[in-house]
Amino acid sequence: MNPLDTPSLKPIRVRLKPVAESIVRRGHPWVFAESLREQSREGVSGDLAVIFDRRDKFLGAGLYDADSPLRIRVAHVGKPTALDGAFWRGRILASFQRREGLFGDDTNGFRLINGESDGLPGLVLDRYDTTLVLKLYTSAWLPHLPTVIAALRESCPASGVVLRLARNLKEIARARAGLEDGKTIVEGQARTEAVETVVFRENGLLFHADVRRGQKTGFFLDQRENRQRVERLSAGRDVLNCFSFSGGFSLYAARGGARSVTDVDISEHALRSARENFRLNCGEAAVAKARHVTVLANVFDWLNGEAAGHFGIVVIDPPSLARKAVDREGALKAYRQVFSAGIRRVASGGILVAASCSAHVRAEEFYQLVRDEALRSGRRFRELERSAHAADHPASFAEAEYLKAMFLTFD
Ligand code: SAH
C-alpha cells in the first residue's frame with residue numbers, strides 16, 4: 001500500500017446537507033459526494049468518517065471512499081461509537097448468528113454477510129461448503145482487510161477465503177495493495193493450493209461454483225427459494241430455462257419430475273457447467289431420467305425463432321438489464337420484449353416465471369410490467385405468487401431490494 005494513502009487513525013469529521021442528514025438519520029447507509037457540506041480534511045479510502053449533525057451532535061459513522069461518488073458508507077447511526085476492530089468483529093459475528101438455523105445439512109452454500117443490510121456496507125461474504133468468498137464493492141475495505149480476515153479466522157473454520165473485487169475495484173486493489181481478483185487470501189490448514197471451483201450442496205442438490213472467475217461470487221445463491229418453487233411445479237412438464245447460467249433452476253425442475261429441461265444461454269461456458277451440474281446429480285433418479293437439452297443462443301432471438309416450441313414452465317431470469325439508472329428505459333423495453341416472447345412459449349395450462357435482478361427497476365413497476373405483458377398476450381392468466389428476498393439476502397433499504405419474481409399461469 002502506498003503509505004501516503006494509509007488511512008488515518010484520526011477520523012475525518014463531516015457535515016451533510018440537510019436532506020442527506022435526514023436520510024442518514026432514518027437509516028439510509030449511502031452518502032454521495034454531492035451531499036457533503038464540509039469535511040475536516042481530504043480523506044483517503046478506508047478513513048473512518050464521523051458524521052455530525054447541524055447541531056454539532058454525533059449522527060453516525062462509516063467508511064470513507066475517495067474513489068467513488070458514493071463517498072461514505074454509513075455503518076452506524078445513534079450513540080457515539082468507535083468503528084474499531086471489535087466493532088467490525090461484532091458485526092461479522094452478529095451476521096453469522098442471524099443465519100443460524102436457517103438451513104439444514106443439505107444446504108452448505110448461502111450468504112453469510114449481505115453488505116449494508118447486515119451492517120457491513122459494501123462487503124459480501126458467501127459460503128460454499130468450507131470455502132468462503134469475500135466480495136468487496138468499495139475500496140474503503142482494502143486497508144481493513146486484516147481486521148476482517150482475523151474475525152473470519154476466529155469465527156468460521158474455513159478451508160480458504162477467496163477475494164473477489166467489484167469491476168471498478170480491480171485496478172485500484174492491484175495498484176494499492178497488490179491484491180488480485182480471485183486470489184485466495186487465506187488458506188486453511190487442510191489446503192495448501194489456491195481454491196479453484198468448489199462443489200457445494202443446495203437443498204441436497206450438488207453444484208459447482210466457479211468462485212475465482214464466476215459471476216457474483218460464483219453462483220446465484222439468491223434464487224434458491226424460487227428454484228424450490230419451480231421444483232414443486234415441475235412434475236411431468238417440459239421446462240424451458242432462459243438465461244440458464246449453470247442450470248440452477250434446471251436441476252430443481254429435473255428433480256421435481258420435469259420430463260425435459262431446456263437451457264438457453266449465450267455462454268458456452270455456462271452451458272458446460274450446467275451439463276456438469278447434471279452429471280454431478282445423476283445419482284438422483286429424477287435428474288437422471290429428465291432429458292437435458294442445452295441451446296447456445298441469444299434468448300431474445302431464440303424465443304422468436306421457429307425452433308422454440310411450447311413449454312409447461314418458462315423461466316426467464318435475465319442478467320441485470322439496468323446496471324445504471326440511465327439504462328432504465330432500455331431495460332424496461334428489453335423486459336417487455338423478453339416476457340412477451342416468453343409468454344408465447346408457455347403451453348396451455350403452463351407457467352411463466354419472470355424474474356428481475358435490476359435494482360433500478362422497482363418491484364411494483366416490475367410486477368405491473370409483467371402483468372401488462374400478460375394482458376397484452378390476450379390469454380387468460382392467473383397470478384400464482386410473487387417473491388422477493390430470501391432470509392440470507394436481507395434488504396434493509398430500497399436500493400438493496402433488487403430481486404423480484406412473479407409466477408403466472410396461462411390458460
Ligand atoms: N438464472 C440463473 C442466473 C442468470 S445469470 C441462475 O439462477 O443461476 C445471467 C445469464 O444470462 C448468464 O449465464 C449469461 O451468460 C446469460 N446471458 C446474458 N445475456 C444473454 C442473452 N442475450 N441470451 C442468452 N443468455 C444471455
Using the rule given for side-chain contact (heavy atoms from CB on, under 4.5 Å), can you reason through L134 versus V162, listing the C-alpha separation, both sets of side-chain angles and the distance that settles it, and then say yes or no? CA-CA 6 Å; L134 175 66; V162 175; over 6 Å; no
Using the salt bridge (Lys or Arg N to Asp or Glu O under 4.0 Å) criterion, which residues pair with R336? Sequence neighbours excluded. E373
Test of understanding: with salt bridge (Lys or Arg N to Asp or Glu O under 4.0 Å), list the residues that count as partners of K216, not counting sequence neighbours. D222
May I ask you to decide if [Y]'s main-chain N or O and [X]'s side chain share a donor-acceptor pair within less than 3.5 Å?
{"X": "R237", "Y": "L233", "result": "yes"}
{"X": "D265", "Y": "L271", "result": "no"}
{"X": "S377", "Y": "A374", "result": "yes"}
{"X": "S35", "Y": "V31", "result": "no"}
{"X": "N114", "Y": "S117", "result": "no"}
{"X": "R71", "Y": "S68", "result": "yes"}
{"X": "R164", "Y": "G214", "result": "yes"}
{"X": "S45", "Y": "A66", "result": "yes"}
{"X": "R73", "Y": "G62", "result": "no"}
{"X": "N281", "Y": "E284", "result": "no"}

For [range], which residue pairs qualify under salt bridge (charged side-chain N to carboxylate O under 4.0 Å, His left out), counting only residues two or more places apart or in two chains?
{"range": "residues 118-133", "answer": "R98-D118, R99-D118, R111-D126"}
{"range": "residues 394-411", "answer": "R380-D411"}
{"range": "residues 132-152", "answer": "none"}
{"range": "residues 8-24", "answer": "R15-E38, R15-D56, E21-R25, E21-R54"}

Is it true that the side chains of [X] and [Y] contain a donor and an acceptor less than 3.5 Å apart?
{"X": "S358", "Y": "Y335", "result": "yes"}
{"X": "D238", "Y": "S260", "result": "yes"}
{"X": "S273", "Y": "H208", "result": "no"}
{"X": "Y402", "Y": "S356", "result": "no"}

For [X], check side-chain hydrogen bond (donor to acceptor under 3.5 Å, both in side chains) against everything at least two apart and list the hits.
{"X": "N168", "result": "none"}
{"X": "R279", "result": "none"}
{"X": "S155", "result": "none"}
{"X": "S22", "result": "none"}

Using 30° and 60° as the class limits, which term best fits the ring planes of W88 and H144: parallel, tilted or perpendicular? tilted
Measure the spacing between [atom1] of [X] and [atom2] of [Y] and express it to the nearest 0.5 Å.
{"X": "F58", "Y": "F52", "atom1": "CZ", "atom2": "CZ", "value": "7.0 Å"}
{"X": "Q337", "Y": "N304", "atom1": "CD", "atom2": "CG", "value": "8.0 Å"}
{"X": "L403", "Y": "C357", "atom1": "CG", "atom2": "SG", "value": "7.0 Å"}
{"X": "E225", "Y": "S387", "atom1": "CD", "atom2": "OG", "value": "9.0 Å"}
{"X": "F366", "Y": "M406", "atom1": "CZ", "atom2": "CE", "value": "7.5 Å"}
{"X": "F339", "Y": "L369", "atom1": "CZ", "atom2": "CG", "value": "7.0 Å"}

Closest approach of I313 and S234, non-hydrogen atoms and distance? CD1-OG, 3.7 Å
Tell me, do [X] and [Y] make a side-chain contact under 4.5 Å, heavy atoms counted?
{"X": "I113", "Y": "I92", "answer": "yes"}
{"X": "P146", "Y": "I149", "answer": "no"}
{"X": "V14", "Y": "V50", "answer": "no"}
{"X": "V314", "Y": "I316", "answer": "yes"}

Mind running side-chain contact (heavy atoms from CB on, under 4.5 Å) on F381 and I343 for me, showing each step along the way? CA-CA 10 Å; F381 69 94; I343 291 168; over 6 Å; no
With a sphere of 6.0 Å drawn around [atom1] of [X], does it hold more than 12 non-hydrogen atoms of other residues, nucleotides or ligands?
{"X": "R272", "atom1": "CZ", "value": "yes"}
{"X": "E42", "atom1": "CD", "value": "no"}
{"X": "R376", "atom1": "CZ", "value": "no"}

Looking at L136, L169, L163, which one forms a side chain to side chain contact (heavy atoms under 4.5 Å, CB included) with L179? L163
Please list, chain by chain and in numerical order, all residues satisfying side-chain contact (heavy atoms from CB on, under 4.5 Å) with A308, sequence neighbours excluded. W302, R345
Which pairs of donor and acceptor atoms, one on a side chain in residues 291-299, lie under 3.5 Å apart (sequence neighbours left out)?
unit_1, atom_1, unit_2, atom_2, d
H292, NE2, D263, OD2, 2.8
T294, OG1, R275, NH1, 2.7
N298, OD1, F300, N, 3.0

I want to check a possible cation-pi pair here: R255 against Y252, using under 6.0 Å from ring centre and within 45° of the ring axis as the test. yes
Over-ring placement of R386 relative to Y367, 6.0 Å and 45° cut-offs: yes
For the pair Y128 and F219, evaluate ring pair (Phe, Tyr, Trp, His ring centres under 6.0 Å) and give the outcome as yes or no after the intermediate values. CA-CA 9 Å; Y128 295 101; F219 195 76; 7.0 Å; no
Should L63 and L48 be marked as a side-chain contact (heavy atoms from CB on, under 4.5 Å) after you check the CA-CA gap, both sets of side-chain angles, and the distance that decides it? CA-CA 5 Å; L63 291 174; L48 300 178; 3.6 Å; yes
Could you tell me whether D317 and R227 make a salt bridge, using a distance below 4.0 angstrom between a side-chain N and a carboxylate O? no
Verify side-chain contact (heavy atoms from CB on, under 4.5 Å) between T138 and L70, making sure each step is shown before the conclusion. CA-CA 9 Å; T138 163; L70 207 177; over 6 Å; no
What verdict does the ring pair (Phe, Tyr, Trp, His ring centres under 6.0 Å) test give for F110 and H393, after you've listed the backbone C-alpha separation in whole Å, the side-chain angles of each residue and the deciding distance to 0.1 Å? CA-CA 9 Å; F110 52 89; H393 286 69; 9.8 Å; no
